Amino acid sequence: MESESESELDRRVFAAAKALEVRREPPLAVVMGLARCAVDGLPSPELAHVIVAGLCSPSNAPSMWKLLELAIAFRFVSPLHALALLTPRVVPNRMAQPEAYRLYLELLSRYALSSPAVAGGPCRDKIIKAVGDALLISQNCGSHYMDFGHTVVLFILSTVTTLIDGVLEDWGLKSVSIEKHDTLYALEGHQAMDIDYKGSLNDRRNEHREQLRRGNTLIAIEVVEKITADKKAKVFLRLVYLNMPERFNSLMQRLQFIEVQKSASPSLISADKLLVKVSANIHEAISGAYHLNKHHLLGLLVDIGSSGSSFCLSSGVSRQACWVSFDIFLENLMDGKLLYVISPIEILTELIRTLQMINQASWQETFQALWISALRLIQREREPLEGPMPHLDSRLCILLSVVPLAILPILKEDSEKLSSTRNDSEFGTGDNSTSRRNGLVSSVQLLAQFSGLLSPPPSVVSAANYAATKAATFISNLKNGSSNLTNGNQNNAGVKAVGSMLHLIVEACIARKLIDTSAYFWTSYVVSSAISKESSSVHESPWSTFMEGAPLTGSLKNALMATSASRIVELEKLYNIALNGPEEEKSAAAKILCGATLIRGWNIQEYVVHFLVKLLSPPAPPEFYKTSTGSHLIGYMSMLNAILFGVSGVDTVHILSLYGVVPQVAAALMPLCETFGSLPPTSSQKSSTSEEISAYTVFSCAFLFLLRLWKFYRPPQEHCIGGRGATIRLELTLDYLLLMHNGRVGNFVSPDKIQGIADPLNFSSGQPVYIDSFPKLHSWYFQNQACVASTLSGLCSKNPVHQVGNKILSMICRKMTNRGTTSGNPAPTSGSNMSDSPGNSAEDTYQRPMLPAWEVLEAVPFVLEALLSACAHGRLSSRDLTTGLRDLVDYLPASLATIISYFSAEITRGIWKPVSMNGTDWPSPAANLLSIESEVKEILASAGVHVPSYYTSGMTPVMLPLPMAALVSLTITFKLDKNLEYIHGVIGPALDNCASGCAWPSMPIIGSLWSQKVHRWHNFIVFSCSRSPFSYDKEAITQLVRSCFSSFLGSSLTSSSHLTSLRGVNGLLGQAISDQGVRLPIAPGFLYLRSCRAFHDTHFVSNLILEMVIEFAHELGKAWSCGGPARLKSSRMSLATAAAQVREVATIGASLLCIAGGFLIVQVLYEETLPTSMLSVREGKLQDLSPTARILQGYAMAYMLVLSGAFVWGVGDTSPAYTSLFSSKRARAVGKHMDFVARMVEGNVTIGCDPATLKAYVSCLVSLLVGFVPTWVPAMKQDTLRRLASGLRGWHECDLALSLLERGGEDAMTSVVESLL
C-alpha cells in the first residue's frame, strides 16, 4: 500500500513538472494539486524526497527546479529538508554541473534561514530524522538522536563550512589540516545531478559554462557572507561556539587557513572584502552583544553599569569603591579565630576573576587594585597590637606570598589557552597570556606612584633594603661584566640601596616567575643617590656556612633560626637532616624550619609549609618493620616535639591556615595523637639540649594543636543547618576536615610547576585518612561529642574508667593535703558513683598515675563532675578547685581540652548556680571592671554603636556561673611563656565561646580579670570585649551594619556624623589599627569583620543587610530625582553617577553578607530573604517613592544577589575545592530563586513590591546573569528559562530573552531556534 502511494506521488510530481514546462496550468494550481497528495500533512517529507530524487533522474526537466522552488515558497516542502537533501547531491558535482550549483546557491540564499513553518509533532520529527540522515549526524556527531534545535544549528554550520570547503577546493587551496569528518556532509557516494545537459563534460566550446563555474565560486562566498550576516545565523553560530566548541573550531581553522593563504593567492585577494566581512560576522557572533531596551531608564542604567571600567574610574573614591571586596576579604583573613579549610589562595584567585568580570576592568586595573588593597592591609598595622592575635607577619605573608600565588593560576590559564586550537587573539576576547602578564607588570610598576603605601614597617626595613640592594648589585655586576648575577651581594659588598615595599613585591613576583629581572631596570627602581660605594664590613650569611657542611651547633642554629633561607635547596637539606640526620641535629633542623624561614621567608614560604607538613608525617626508616615493633613515630619524638612547639604560635598557625593546609595538618596530627597517647608517660627521649621529652608532652602538644583546628567544644547540633534563627555559619568538625583532606587526595592533581619542582601545596599523592583507623582518637571523639551534648551517665565502681578517675582524684587530693589548704575532699555525685576515698594504696596516694594519655582523658569528665559538684556543695573551696584543675593540667596538659568542653557545655545548660566574684572566694574584677566597660562603650560609640551599661558603681558583686568562674580562674594561672603558646591558643577561643553561652554579658568580667593579670594586653583585651554585645544584641548589630554603609558611602547619603569624615575603604576599615594602643575612632568595618563570627541568626543578618541596600538605593533615587524629569535627557553623567553609587551600595552589601556567613547566608538570601522581600508590602514613607527610586531598588537588589553568589561560587570554571563543595549548592539556590522569579513574571505569585521594582529587578538580574555569570544558566530548569524568556519578550526585551536562552546549554538550543524561526 505504501509503495503504491509512493508510485502515485512520483507520477503526480513528474506530471506537475511537465505541466509547468508546457505552462498549461497556473503554478499555484499545479503545486496545490501536489499538496493534496501529502497524506501526513504539510510540509511533506515524502514530497521533498520525490522532487529532489526527480532532479537526479535522467529524464528531468528544468521545470523540476521551478517545482521545487514553488513547493518551498508555499511551505509544502520544508526548506531545511529540501536544502539538506540537495547539498550532498549538488556540491560534489558543482564543476561538472555548474547550472545546478548556481540554482542551488540561489535557493540557499533565499531559504537557508527561512522559517520551517512546522509545529512540533510527528511531521517535524520525520523531517528532523530525514535531515539527520542527510547530515549523517549519527556518524559525524556521535549522536543517534538530534532535536529540532540541534538540527537547524548544525545545518547552518555545515552549510557554511561546506561552501567554504568548496571555494577553497575550486581555487586549489584545500587545506590538508581539515579532515573529511570536519564537514558534516559526505561529499561522495551520492547520485550525480542531471540538469538535462546533453553535451560532453570535456566540451570546452561552451564558454558560458566556464564563466558560470568561475562566477559560482564568488557567489558561494557571497552566500556565506549573507548567511553569516543574518542575525539568526549569528545566534546559531554562537550556540555552536558556546555548546559545541570542537565543531566551531573546525570553522575557525578554515578562516585561519584563508588568512594565512590570502597574501599568496590572487583568487583570495580578489574576494578579500567578502572574506573580511565573513570573518567580521563570525567575530560578532562570538561576542554576542546584547542590551536592555535603551528607550527605558532601566536600559540606560544597566548599559552604564556594564560599559567597561568607566564606572569605577569616574572618581577617586569610586575607583576604590568598586574594589572594596579585595580590602574586606584580605582584612578578614587576619581574623585569628577563623582558620581556612579551603586555601585563601584559591578563594582569592576566584575573587580576582570575579571582580575583573563584574567591574569589566582590564587586568592591569584589577591587579593594581589588588596590590593597593594588600598594601593598605600592611599599613593598617605597622606596629602590632600586643596580644594573642595574628600580627604583621601574617599580613606580610598575605602581601608577599598569598597574593602572588593567587595571581599565578590566572597567568597560567592563558598559557594553556594559547596552546589550544582556539585562536583567542583573532576570534575571542583578545585576553591572552601576554595581556595578562603585561597587565601584571604594569600594575607593579605603577605602584611607585603610591609612595604613602610603600613605606615599610620598622621591622621590615632591613628586608626591603636587602631587596633593593640585590637589584642595585645585579645592575652593577651586569655593567661590570660579572658572570654571577644571582648572588651579587657577595661580589660587590660596597653597593647599598634603600628599599620599600615595592622591592619586596618585585622579589616575591620574580621568585614565582610572574615577572623577570627586567624590573630592576625600571625608571627610579634603583635610585642612584641611594647607592653608596663606601666600603663596609661583609657579614657572610649563616646559610652559606650551613650549606658548606658546618654542623648545627648552638651558635649556628641560633643564627639560622633568626635568618630566613632564600633557596629551596637549603630547605631540602634541612628536611633531610630532620629525617635522617644525627639525633642531636634532628630537632635543631626542625626548629630552624619553624623560625624566621617560616615567618619571613616570603619568597619560598609555600615550600617551608610543604616540608613542615611532610615532617609531621615522617616515613618509616628502611627495614623498620623487619627489626622493630610498634610505631616508627616514636623514633622521631624529639624532631616532632620541636616542630609541634615551633608551630604553636598564633602567627605560625595562622600562616599555615593561609596556605590552606589545615586538613593536611589535621590528617598528619591524628597518627601522632594515636601513637603517643597510647604510650605511658615513662616513654621519653633526650633532646639536643638535654631536655627530657615525654610522651605526655608530645601527645598534649599534638592533641591541642589538632583541637585548635576545629570547634571541639561545640555541641554536634550546632554543626547542622537549622531552621529560622539557626547559627550563621557551618562550624568545622574533624569529620569535615578529613573529608576535605581525602577529597584532595582523591581528586586534586595539579600540574603546576614552580621553579622546576612540583606544586608545594599539592598533597594529592598522600593516602586517605579515616578516623576509624585510630581507635583511641575515635573513642575520645565520640565521648567528647556525647559529653558536650548531654550530661554524664553513671559508672559502676568496677568500671576501668572509674578506677582511673579515682587515681586522678587521689593525686589531686594528695597535692591539696601537702599544701594544707583543703577544706574537704571532693565527694561523689549521684551520677559519678566515685568513692570519696583519696585512694586505695600508698602507691596511688604518693605517685602520679603512670597511665597512657587516652585512659586519663577518658576519665577526666567524671573527675571534673566530682570536683565541680564538691565545690557547689561546699565540700571543696574555690581555691582548691582552681589548684586542683591546674594540677590536672600540669599532669596532662591535654586534659585542658576536656576541661574546656565540659565547662562550656555546663555553662550552656545553665544548671549551675552563679558565684560571687568578690575577691575572697573567687578573683574579683572590681578593680577595673567599670573602666573596661567604659572603654568598650567608647570603642563601640566611635563605630556608631550605642549599648547600655550593665555594670555600675555600687552594684552588688558581679556573678558568674560556677563552671565559668572555675574556667576563668584556671586560665589566669598560666604564665605568658612561649612554651605555653599551645595552651593559650586553645584558651582564647574557648573563653569567647563560654562568654557567648552565658545568660548575661560576662565578657567584661573575663576581660577585667585578664587585664589585671597581663597589663600589656590591655588594649587587645578591651577590643576583644567590644565584640561581645553582637553575640546577643540585635540592635547593636543593626547599628554596626548601618555604620558600615554610612562610613563607606559617605555624607552624600547619610546624616552628618564623624563617621562620614572619611568614605570609601578608609572610612570603612580605617587607616591604622594600632600605632600606640587602640586608636579611636575604630572603623566600623574593622569592628564588623572581627565581630561577625558572633552573629547567630542567619535570617536576621540577611534581612538586615538587604534592607540597608534597599534603603540606601531609595536615598539615591530621591537624590537623583530631585532635579526634575528634564534631567533624564540632559544629565547623562548624573545618571551614570547614580548607577555607580547603586553598585557601590550593592557591593558593600554583598561583601558584608558573604563575610558574615559564607555560602550558607547567601543560600538563605537566594531562597528566602529576597523572595520574602519581593512578596512583602512596604508601608509608610516608602510608598511615596519616585519611579526612579523604585527602579534603582530593583537594580540594587539584583546586583547584590548576583555579586553575593559570585563571591562564594565564582563566575566560571572553579578550582577543585569550589567544584566539590559549592557547585551543587549553587545549582540548587540559583534554580529555586529563578523558578520563583519565573512565577512572579507569569503573575502566578502575588507580589508586594511595586511593578516597576519587579521589572527592574528581573531585567537587571537576567542581564547580569547572562553578562557576568553565564555558567550558572545551564544548571537552571529548561522550563524556567522558557517562562522567563517569554516574560521578557512580553516586556519588549527580546534581545535579553534570546541571550538568556542562548546561555541555557545544549538543552536550550531548540528553545532558541523556535524563538527565532
Side-chain angles (χ1 to χ4, degrees), residues 335-339 387-389 650 653 657 703-720 722 726-734 736 781 784-790 861 864 868 885 889 895-912 914 960-972 974 982-1010 1020-1021 1023-1033 1037 1090-1098 1156-1157:
D335 189 350
K337 299 187 294 298
L338 180 63
L339 297 181
M389 59 183 287
V650 175
V653 173
S657 168
F703 186 66
L704 292 179
F705 190 7
L706 175 64
L707 299 190
R708 289 172 71 175
L709 306 181
W710 52 284
K711 301 298 186 292
F712 66 95
Y713 42 75
R714 293 286 178 88
Q717 61 266 26
E718 288 189 27
H719 303 311
C720 304
T727 180
I728 202 170
R729 60 180 61 252
L730 191 63
E731 297 290 2
L732 294 182
T733 65
L734 185 57
Y736 184 69
Y781 182 61
N784 179 73
Q785 288 188 336
C787 176
V788 172
S790 62
L864 296 176
L868 210 59
L885 294 174
V889 175
S895 62
L896 180 63
T898 304
I899 294 174
I900 290 172
S901 289
Y902 179 79
F903 283 176
S904 298
E906 295 303 311
I907 292 168
T908 304
R909 293 184 186 111
I911 60 177
W912 299 91
L960 284 180
L962 175 60
M964 178 175 286
L967 183 59
V968 175
S969 300
L970 170 65
T971 60
I972 61 178
F974 294 104
Y982 72 104
I983 288 180
H984 287 293
V986 176
I987 288 175
L991 288 177
D992 274 345
N993 177 71
C994 290
S996 65
C998 188
W1000 61 88
S1002 56
M1003 197 62 196
I1005 302 174
I1006 299 173
S1008 299
L1009 294 173
W1010 265 93
F1020 165 77
I1021 292 169
F1023 182 77
S1024 299
C1025 292
S1026 68
R1027 304 192 301 254
S1028 61
F1030 304 107
S1031 63
Y1032 55 83
D1033 190 345
I1037 297 175
R1090 295 298 179 266
S1091 306
C1092 61
R1093 241 64 64 189
F1095 300 167
H1096 290 299
D1097 192 338
T1098 308

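Worth saying up front: this structure is predicted, and the values here are computed from it rather than measured.
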Straight-line distance of Leu707 CG to Leu734 CG, nearest 0.5 Å: 9.0 Å

Gap separating the CZ atom of Phe705 from the CZ atom of Arg708, nearest 0.5 angstrom: 6.5 Å

For Arg1027 and Arg1090, which heavy atoms make the closest approach, and how far apart are they? CD-O, 2.7 Å

Please step through ring pair (Phe, Tyr, Trp, His ring centres under 6.0 Å) for the pair Tyr781 and Trp710, ending with a clear verdict. CA-CA 12 Å; Tyr781 182 61; Trp710 52 284; 5.5 Å; yes

Spatial distance of atom OG (Ser904) from atom CE (Met964) [nearest 0.5 Å]: 8.0 Å

Nearest 0.5 Å, what's the CD1-CG distance between Ile1006 and Asp992? 8.0 Å

If every non-hydrogen atom of Leu970 is compared with every non-hydrogen atom of Val889, which pair is closest and at what distance? CD2-CG2, 4.4 Å

Give me the atom names and distance for the closest heavy-atom approach of Ile899 to Leu864. CA-CD1, 3.6 Å

If you compare all heavy atoms of Met1003 against all heavy atoms of Ala995, which two are closest, and at what distance to 0.1 Å? SD-CB, 3.7 Å

Arg1093 CZ to Leu338 CG distance, which is reported to the nearest 0.5 Å: 4.5 Å

Of all heavy-atom pairs between Tyr902 and Pro861, which one has the smallest distance, and what is that distance? CE1-O, 4.2 Å

Search all heavy atoms of Cys1025 against all heavy atoms of Pro1004 and return the closest pair with its distance. SG-CA, 4.2 Å

